[in-house]
Amino acid sequence: MSKPAKDLSQAALIVVDLQNDFCPGGALAVPEGDRIIPVVAHWVDIFHAQGRPIIFTRDAHPPHHVSFLERQGPWPPHCVQGTWGAALHPDLVVPKDAFRVDKGFLSDVDAYSGFEGRVVTADGTRSDQTLADLLHSLGVHIIYLAGLATDYCVKATGLDGVRLGFEVVLITDAMRGVNVHPDDSQQAIAELLAQGAQVVKVMGG
Ligand code: VGL
Ligand code: ZN
């Protein structure tokens, strides 16, 4: 198995929206969305073994969210809080000490970026802490990004990360896109690279 070439001592892993509704069988399935699970699991193991933070973001909409078709939004209803579709995929092994960040929880506001979310505490309630607050409190300067969807929430999270001064590393084989237009994911990655993100380099292979 491959290992990252970089020292992870200032890094965190962010797994974006790896939820049932974005996987095959879900309400807004990303093609092959579930195929990334073993790759994500490998990276979770690497970060966990080094005691580095792992953060799972979740799309967490109320019913009748502004992004849904019924309100002239672009998407079918998905990731409604408390439903099966909003849960992290059951094949994911989520370490006990992993963090959760929910976003998109305001009825009239959509939020693609994890940086618009709030940290969920151990008892499941939403705090006021943002993802940036959390990363700063943990001394994180480098974020490794994986998850769904490359062309929406991964892209938005990466662009915000760069803007906020984080070094952003894309684990491109651990992400998949919706691809409303066939090359949307490629374009998202190109835009992220143009803004200063990097693609992960691995040793071993
Ligand atoms: C997402 C579409 C709608 C995502 C969330 O997680 O990429 N995409 N809501
Ligand atoms: Zn959504």
Side-chain angles (χ1 to χ4, degrees), residues 13-37 39-40 43 54-92 94 98-120 126 130-131 143-162 168 170-192 195 197:
L13 175 64
I14 301 181
V15 179
V16 176
D17 300 5
L18 195 32
Q19 293 163 278
N20 287 319
D21 267 346
F22 294 125
C23 290
L28 181 44
V30 175
E32 303 185 339
D34 55 344
R35 294 247 208 130
I36 68 171
I37 292 171
V39 189
V40 170
W43 284 88
I54 302 167
I55 298 141
F56 291 88
T57 72
R58 295 186 302 199
D59 214 28
H61 298 313
H64 315 297
H65 186 252
V66 67
S67 74
F68 296 172
L69 293 171
E70 67 198 75
R71 292 184 61 191
Q72 283 69 53
W75 309 114
H78 62 278
C79 297
V80 174
Q81 288 164 22
T83 66
W84 170 85
L88 294 177
H89 193 286
D91 293 350
L92 265 181
V94 178
F99 297 93
R100 284 179 185 69
V101 169
D102 280 359
K103 64 189 172 56
F105 46 77
L106 297 177
S107 190
D108 298 336
V109 186
D110 205 2
Y112 287 148
S113 166
F115 286 98
E116 294 173 82
R118 295 292 182 273
V119 174
V120 176
R126 199 166 56 232
T130 66
L131 176 55
I143 56 175
Y144 279 65
L145 278 187
L148 306 171
T150 309
D151 37 1
Y152 293 94
C153 288
V154 174
K155 174 185 170 185
T157 304
L159 290 175
D160 271 353
V162 171
V168 175
L170 309 173
I171 311 175
T172 49
D173 59 350
M175 51 181 75
R176 286 288 189 284
V178 179
N179 293 327
V180 172
H181 308 287
D183 62 348
D184 280 356
S185 292
Q186 268 180 291
Q187 284 197 13
I189 289 169
E191 190 176 335
L192 284 158
Q195 295 304 313

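Just so you know, ligand 1 is whichever comes first in the structure, and atom 1 is the first atom listed for that ligand. Predicted model only: the values in this text are computed from it and were never measured. Basis for what follows: all heavy atoms, side chains included, without hydrogens, waters or symmetry-related copies.
Annotation: protein N, O or S atoms under 2.8 Å of the Zn ion (ligand 2) (waters excluded) comprise Asp59 OD2, His61 NE2, His78 NE2.
With a 6.0 Å cutoff to the six-membered ring centre and a 45° limit on the axis angle, Arg118 does not count as a cation-pi contact of Phe105.
Of all the heavy atoms in Asp17 and Cys153, the pair that sits closest is OD2-SG, 3.4 Å.
Remark: the backbone N or O of Leu28 is not paired with any side-chain donor or acceptor of Asp21 at under 3.5 angstrom. The backbone N or O of Gly26 lies less than 3.5 Å from no partner atom in the side chain of Asn20, so there is not a single donor-acceptor pair. The closest donor-acceptor contact from the side chain of His61 to the backbone of Gly104 lies under 3.5 Å. Between the side chain of Thr157 and the backbone N or O of Gly114, at least one donor-acceptor pair lies under 3.5 Å.
Classification of the Trp75-Tyr152 ring pair by plane angle, with boundaries at 30° and 60°, yields perpendicular.
Contacts between Leu148 and ligand 1 below 4.0 angstrom, taking non-hydrogen atoms only, involve the backbone exclusively.
In this structure, of Val30, Val16, Asp17, Leu28, the residue bringing a heavy atom nearest to atom 6 (O) of ligand 1 is Asp17.
In terms of protein heavy-atom proximity, atom 8 (N) of ligand 1 is closest to Tyr152 CB, 3.8 Å.
If you run side-chain hydrogen bond (donor to acceptor under 3.5 Å, both in side chains) between Asp108 and each of His65, Arg71, His64, only Arg71 comes through.
Against a heavy-atom cut-off of under 4.0 Å, His78 is close to the following atoms of ligand 1: 3 (C), 9 (N). Near Asp59, meaning under 4.0 Å from any of its heavy atoms, are these atoms of ligand 1: 5 (C), 9 (N). For ligand 1, the atoms lying closer than 4.0 Å to a non-hydrogen atom of Cys153 are 1 (C), 4 (C), 5 (C), 6 (O), 7 (O).
With sequence neighbours excluded, the residues forming a salt bridge (charged side-chain N to carboxylate O under 4.0 Å, His left out) with Glu32 are Arg35, Arg176, listed by chain and number.
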